[in-house]
Engineer: 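I am attaching a structure below and will ask some questions about it afterwards.
Please read these numbers as outputs of a predicted model, since none were measured by experiment. Proteins get letters first, then strands, A, B, ... in listed order; numbering begins at 1 in each.
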Amino acid sequence: MANMAPKKNEMPVQAPDIRNKNFSEVALGYTKEQAIDEAQRCLACKHKPCVSGCPVSIDIPGFIAKVAQGDFEGAYEVIYKQSSLPAVCGRVCPQERQCESKCVRGIKGEPVAIGRLERFVADWHIANATEKVNAMPKQNGKKVAVIGSGPSGLTCAGDLAKMGYSVTIFEALHTAGGVLVYGIPEFRLPKDIVKREIENLKTLGVEIVTNAVIGKTLTVDELFDMGFEAVFIGSGAGLPRFMNIPGESLNGVYSANEFLTRTNLMKAYKEDSWTPIMHAKRVAVVGGGNVAMDAARSAKRLGADDVYIVYRRSMEEMPARREEVEHAEEEGIIFKTLNNPVEIIGNEQSFVNGIKCVKMELGEPDESGRRSPVVKEGSEYVLDVDAVIMSIGTSPNPLIRSTTDGLDTDRRGCIITKDETGLTSREGVYAGGDAVTGAATVILAMGAGKASAKAIDEYLKNK
Amino acid sequence: MFCIKEKHILNPTVTKMVIDAPLVAKKAQAGQFIILRVDEEGERIPLTIADYDRENGTITIIFQIVGATTKRLNNLEEGDFICDFVGPLGKAAEVEGFKKVAVIGGGVGCAIAYPTAKALKENGAEVHTVAGFRNRDLVILEEEFKAVSDKFVMVTDDGSYGEKGLVTDALRKLVESGEKYDEVIAIGPLVMMKFVSLLTKELGIKTIVSMNPIMIDGTGMCGGCRLTVGGEMKFACVDGPDFDGHLVDFDEAMRRSSIYKETERHRYEESCNLFKEDKNNG
C-alpha cells in the first residue's frame with residue numbers, strides 16, 4: 001500500500017540566516033529513511049505521466065520502485081541509462097514544471113518529490129558504489145568532437161561514449177563543466193559533484209581538452225580535418241545582454257555572467273582568491289530567472305546587507321525555479337516585482353550609488369503569453385545601491401558562427417537546427433543547448449545533447 | 001601546461017617570455033591576445049601577443065609588472081610551466097592595403113605595436129614609428145622597431161633618450177613636415193591613445209587604437225571588457241581589441257580600468273611581502 005501522506009517529505013536544509021553567510025550547499029538531501037518513505041508515495045501509474053514530463057525520459061516509476069525496496073544502486077542504474085548527470089539534475093532541474101507537474105499525486109496534495117529522490121540516489125551512488133557501473137565500452141573507432149563541456153556537451157559526449165565512440169570535448173575555459181562551474185553557485189551545486197560527474201565521463205573514455213576556443217584556436221572545419229566524423233556544438237549562451245539604459249558602464253555594474261564567473265569559477269568568495277570582486281553593501285539584481293536568483297544569493301553571501309531582485313513583471317511570471325525563489329526569500333532577498341530600471345546613477349568617481357526605477361502594472365498578454373508590463377506614470381524613484389547586476393539574458397556567441405561557412409543562424413544569432421535531432425545546415429554538424437535556444441535550462445540542454453547523440457550515431461552508422 | 005622556453009628582462013619592470021604553445025602559434029596574428037593563468041589558484045589575465053613563431057610553435061609575450069599576477073608570472077623562470085594559456089583571441093589587426101602608416105607605441109604598449117608594425121611592413125606599407133617612454137631606462141624593442149620601420153622616432157618624457165617630448169609632439173612634427181599617412185595606429189596607455197586620437201581627429205587621419213580592458217574569459221561571455229564605441233556598447237574580447245580611436249569613449253574606459261585599483265594595490269603589496277619572506281627563508 002502506498003504512503004498516502006498528502007505532502008512531500010521535507011528536505012533538510014541549512015537554516016536561512018546561517019546559510020546566507022556561507023557558500024556551502026543549502027539543501028542537505030534526504031536520509032535513507034526519508035527517501036524510502038517518499039518513494040512509497042509513488043502510485044506506480046501504468047501510463048507513467050511523469051516520464052512524459054522529463055526531457056531525457058528517465059524511467060521515473062522504475063527508479064522510485066527500486067528506492068522503495070531499498071535498492072539504491074539498482075535505482076541509480078535505472079536513472080543512469082537515461083541521464084549522465086543525475087546528481088546535477090536532482091539539484092537544478094525545474095521539476096515543478098516537468099516530471100512533478102504531471103504526477104498524479106499532485107492533483108490532491110503534493111506530487112512525489114522526484115527531484116529529491118533523484119538527488120538522493122545519485123549522492124548515494126557517489127558515496128557508496130563500490131564497482132563502477134560505467135566500465136569502458138567497446139570502441140567502434142569513430143571520432144566525434146563535442147564543443148563545450150556544459151550540460152548539453154557532457155550529455156552528448158557521455159551518450160556517444162557509451163555507444164563506443166571515441167569522443168573529445170573542447171572547452172574554452174580552463175575547467176570543464178560550462179555553466180555548471182562558472183554559473184551555478186557552489187551553494188546550489190557543489191563543484192565536487194560536477195567534478196565527479198566529469199570524472200565518470202572520463203572513465204567512459206571521453207577526452208577533455210581545455211583552453212581550446214573553437215572559432216579561434218581551432219575551427220569546426222579543422223576538427224573534420226583532424227579526423228572527427230561528426231561535431232556537436234554545445235557552446236552555450238554567450239554575450240550578456242544589457243538594458244541599454246544610461247549608466248551601465250559605471251563601476252559596480254556587472255553582468256550576472258561576470259559576477260558569477262568571478263565568484264564561482266574564479267572563487268572570488270574565498271579569502272585567498274586572486275580574483276577581485278566588489279563586496280557591495282546594497283545590491284540590485286535586475287531580472288527574474290534562475291541566474292538572477294543565483295546572483296542575488298551570492299551577493300548576500302559576499303556580505304551585502306540588502307539585496308533586491310528588480311523584476312518588471314509579477315511573482316507569477318517569474319521564470320526562476322520555485323525552490324530558488326523560496327530559498328532566496330528565506331535568505332532575506334527583497335523582491336521588487338513590477339519594477340523596471342530606467343537609469344543607473346553614479347557618484348563623482350563613477351561608482352554606482354543608485355538605480356532609478358519605475359513601477360509597472362500588468363497589461364495584455366504578449367506573444368509569449370505572459371501579460372506584458374506597462375509603466376505607471378509618475379512612479380519614478382531611486383533605490384540606493386552600490387552595485388547592479390544585470391541578469392536579463394544573453395545573446396549567442398559569434399565565434400563559431402563567424403568562422404564556420406554554411407552554418408545557418410537566425411536573426412538573433414542562434415544556430416538553426418532542422419529538427420529535434422539538432423542537425424544544422426552543415427552535414428555532420430549538430431548543435432544543442434543555449435547555442436540553439438538562447439538561455440534556457442540545464443535539463444533542456446541535456447535533452448538536446450541526448451537527442452543529438454542518438455542522431456549522430458544513426459548518421460555515422462549509415463555513412 | 002605551457003613551458004616557458006625563454007625569459008628576458010627588458011627593463012626593471014618589463015619582461016619578455018617565449019612560451020611553448022603550438023596551437024596558438026599556428027593561428028596567431030598581429031593584434032590578437034592570449035589569456036593566461038599562472039597557476040591553479042591564479043586569475044585570468046589578457047596579454048597581447050608580441051610575436052609568434054609558427055615553426056617552433058611559440059608565442060612571445062611582453063608584460064609590465066603592474067599587479068599581483070604579473071608579479072607572480074615574473075617570478076617564473078625558463079623551464080617553468082604556466083598552468084593555462086589560451087588563444088589567439090580577439091580580431092587581428094588590419095594590415096593590408098596601406099601605403100604609409102604611422103605606428104605610435106607608448107611604454108609597454110610598444111610590445112603590442114611592434115608585431116603590427118612588422119606585419120604592416122611585410123604587407124608592403126611604409127612604416128613610420130614613434131616610440132615613447134618615460135625615460136631611457138624603460139626603453140624596449142628599439143632595435144626590433146628600427147628593423148621594420150622606414151622612419152623611427154624615439155621620444156622620452158624627460159629627454160634622457162631621443163627627443164624630449166610626447167608622442168603627440170613627434171607625430172604632429174612628422175605630419176607638419178609633409179608626411180601623409182593613410183592611418184595612424186596608436187597603442188599605449190589609455191591617456192596616450194586618447195590624446196593621439198584627439199590630435200589625429202584634428203589632423204583628419206583615421207586612427208586605430210588597441211584596447212586592453214579588464215577581462216575574465218576573453219571569449220565573449222562575461223561582458224567585463226565592455227566599452228562605448230561610437231555610442232554603442234562593444235566587447236573588446238570579440239569585437240576588438242582594435243577600435244576606431246575617434247569613436248572610443250576613453251574617459252569611460254579609464255574609469256572602468258580603475259575599478260579594482262585598491263584591491264590590486266593591496267594584493268600587489270601582499271605578493272611582494274610573500275616574495276620577501278621567500279627570500280628570507282631561502
Side-chain angles (χ1 to χ4, degrees), chain A residues 171-175 178-179 182-183 209-219 222 235-242 244 248-262 265-268 270 272-279 346 349-351 390 394-399 402, chain B residues 2 21 23-24 26-27 32 34-45 67-69 72 83-90 214-228 232-233 235 237-239 249 251-264 266-267 271:
Chain A
E171 167 55 46
L173 291 172
H174 56 263
T175 306
V179 72
Y182 77 72
V209 180
T210 52
N211 294 319
V213 184
I214 304 303
K216 286 290 172 188
T217 316
L218 292 165
T219 62
E222 284 169 314
S235 53
L239 301 158
R241 272 202 220 129
F242 288 86
N244 215 2
E248 287 184 302
S249 290
L250 290 167
N251 291 346
V253 181
Y254 289 96
S255 74
N257 273 4
E258 179 182 359
F259 188 77
L260 290 171
T261 301
R262 281 182 185 275
L265 180 74
M266 306 310 295
K267 313 258 179 268
K270 292 187 176 168
D272 58 353
S273 171
W274 291 93
T275 296
I277 194 154
M278 271 182 67
H279 292 264
Q349 288 79 43
S350 293
F351 278 80
M390 286 292 175
T394 56
S395 44
N397 192 300
L399 295 183
S402 65
Chain B
F2 299 82
L23 275 183
V24 188
K26 203 172 148 195
K27 289 279 173 67
Q32 291 187 296
I34 57 94
I35 290 223
L36 65 78
R37 211 163 63 114
V38 176
D39 54 36
E40 271 303 327
E41 278 73 46
E43 63 175 333
R44 296 168 66 95
I45 59 159
T69 297
R72 292 202 308 165
C83 184
D84 298 289
F85 194 88
V86 56
L89 301 171
I214 295 171
M215 275 184 200
I216 307 178
D217 63 297
T219 63
M221 187 190 82
C222 81
C225 65
R226 61 191 187 274
L227 304 160
T228 304
E232 270 181 65
M233 187 184 286
F235 297 104
C237 67
V238 290
D239 299 322
D249 184 338
D251 295 333
E252 178 190 285
M254 282 185 251
R255 289 194 296 264
R256 284 185 63 77
S257 70
S258 68
I259 173 166
Y260 297 114
K261 225 171 203 163
E262 265 309 296
T263 331
E264 261 301 307
H266 193 69
R267 291 259 183 253
S271 67

Engineer: Report the distance from atom CG of B/L36 to atom NE2 of A/H174, rounding to the nearest 0.5 Å.
Structural biologist: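 It is 12.0 Å, given to the nearest 0.5 Å.
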Engineer: Would A/S249 and B/L227 count as a side chain to side chain contact (heavy atoms under 4.5 Å, CB included) if you check the C-alpha gap in whole Å, the side-chain angles of each, and the deciding distance to 0.1 Å?
Structural biologist: CA-CA 8 Å; A/S249 290; B/L227 304 160; over 6 Å; no
Engineer: Before giving the answer on side chain to side chain contact (heavy atoms under 4.5 Å, CB included), spell out for A/F351 and B/R255 the whole-Å C-alpha distance, their side-chain angles and the decisive distance to 0.1 Å.
Structural biologist: CA-CA 9 Å; A/F351 278 80; B/R255 289 194 296 264; over 6 Å; no
Engineer: Hey, what do you get for OH (A/Y254) to CD1 (B/I259), rounding to the nearest 0.5 Å?
Structural biologist: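 The distance works out to 4.5 Å.
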Engineer: Does a side-chain N-to-carboxylate-O contact under 4.0 Å join B/K27 and A/E222?
Structural biologist: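 Yes, charged N to carboxylate O under 4.0 Å.
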Engineer: Give the C-alpha distance, both sets of side-chain angles, the deciding distance and a yes or no for side chain to side chain contact (heavy atoms under 4.5 Å, CB included) between A/L173 and B/D217.
Structural biologist: CA-CA 7 Å; A/L173 291 172; B/D217 63 297; 3.8 Å; yes
Engineer: Tell me, side chain or backbone of B/I216 under 4.5 Å from chain A's heavy atoms, or both, or neither?
Structural biologist: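 For B/I216, the side chain is the part near chain A, not the backbone.
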Engineer: What closest approach, in Å, do A/P240 and B/F235 show between heavy atoms, and which atom pair accounts for it?
Structural biologist: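 Closest approach of A/P240 to B/F235, heavy atoms only: O-CZ, 3.7 Å.
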Engineer: With a 4.5 Å limit on heavy-atom distance, are the side chains of B/M221 and A/S255 in contact?
Structural biologist: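 Of all side-chain heavy-atom pairs linking A/S255 with B/M221, none is under 4.5 Å.
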Engineer: Pick whichever of B/K26, B/E41, B/R37, B/Q32 has the most heavy-atom pairs under 4.5 Å with chain A.
Structural biologist: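 Ranked by contacts with chain A, first place is B/R37.
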Engineer: With only heavy atoms counted, which part of A/L239 is less than 4.5 Å from chain B, the side chain, the backbone, both or neither?
Structural biologist: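 Both parts, heavy atoms under 4.5 Å.
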Engineer: Counting only non-hydrogen atoms closer than 4.5 Å, does A/M278 touch chain B with its backbone (N, CA, C, O), its side chain (CB onward), both, or neither?
Structural biologist: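 Both backbone and side chain.
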Engineer: For chain B, which of A/K267, A/E248, A/Q349 has the most heavy-atom pairs under 4.5 Å?
Structural biologist: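 The candidate making the most pairs under 4.5 Å is A/E248.
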